[in-house]
Amino acid sequence: MGCGSSFPDRDSWQMGRPSSENSGGQDAKNLRVKVTVGASFLSQTIALQDSTTVKFEIWDTAGQERYAALAPLYYRGAAVAVIVYDITSPDSFSKAQYWVKELQKHGSPDIVMALVGNKADLHEKREVAAQDGIDYADKNGMFFIETSAKTADNINELFEEIAKRLPRPSVS
């Protein structure tokens, strides 16, 4: 599985327009995920249509069992969890369900969770029906989207949907 779980930090909200550090314009192609061993980190800032800017700090743990003991270090206090499975692998869909249960047990009660079917570009090799992902996400209070890290299809949409669902900081 190329990507396991990603978590933005709830304290990363920035209000206003994108800062000059982001003017280089990171796009979906820059969010492509390579195979991860252990955990990797990346930061991504996006601007929403309402001029709110959201900075994501993303820890990719790849969902590998040998790193399962470290996972709570990444998701403790996380505002969001993105659980990714490979649409060509029923085994990865089962593992995604395990991570959803773990997050439900040990994550923040108000965590925003997304279930992502990845490798949508390999639709001819699909072994997990999109409806299975939709049904599982609905049953668990998550939202569902299919993406392709290879072609960047729906990557921006994934992050935009997450940003919309995050609680807004109170203005003092």
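Because the structure is predicted, anything quoted here is derived from the model rather than measured. Nothing fancy with the numbering, it's 1 onward along the sequence.
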Could you state the interatomic distance from [atom1] ([X]) to [atom2] ([Y]), rounded to the nearest 0.5 Å?
| X | Y | atom1 | atom2 | answer |
| --- | --- | --- | --- | --- |
| N156 | T147 | CG | OG1 | 11.5 Å |
| W99 | I83 | CH2 | CD1 | 10.0 Å |
| E157 | I155 | CD | CD1 | 8.5 Å |

Show the nearest heavy-atom pair for residues [X] and [Y], with the distance to one decimal.
| X | Y | result |
| --- | --- | --- |
| A120 | I87 | CA-CD1, 3.8 Å |
| M113 | Q104 | CE-CG, 3.9 Å |
| S148 | N118 | CA-OD1, 3.5 Å |
| A96 | V84 | CB-O, 4.5 Å |
| L115 | G133 | CD2-O, 3.5 Å |
| V54 | A163 | CG2-CB, 3.9 Å |

With sequence neighbours excluded, residues passing side-chain contact (heavy atoms from CB on, under 4.5 Å) with E127:
P90

By ring pair (Phe, Tyr, Trp, His ring centres under 6.0 Å) - contacts of F144 (at least two apart)
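Checked F144 against ring pair (Phe, Tyr, Trp, His ring centres under 6.0 Å); zero matches.
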
Counting only heavy atoms not in Q49, do more than 12 sit closer than 6.0 Å to its CD atom?
no

Testing Y98, F93, Y136 one by one against Y85 for a ring-ring contact (aromatic ring centres under 6.0 Å, His included), which residue passes?
F93

D50-T52 side chain donor-acceptor pair, cut-off 3.5 Å:
yes

Applying side-chain contact (heavy atoms from CB on, under 4.5 Å), run through L122 and E124 and close with a yes or a no.
CA-CA 5 Å; L122 299 178; E124 71 284 350; 4.1 Å; yes

Under the side-chain hydrogen bond (donor to acceptor under 3.5 Å, both in side chains) test, which residues partner [X], sequence neighbours left out?
| X | answer |
| --- | --- |
| E161 | R165 |
| T88 | D86 |
| E160 | none |

Residues 131-147 vs salt bridge (Lys or Arg N to Asp or Glu O under 4.0 Å), sequence neighbours excluded, gives R126-E146

Determine whether D121 and D153 make a side-chain contact, defined as any pair of heavy atoms from C-beta on separated by less than 4.5 Å.
no

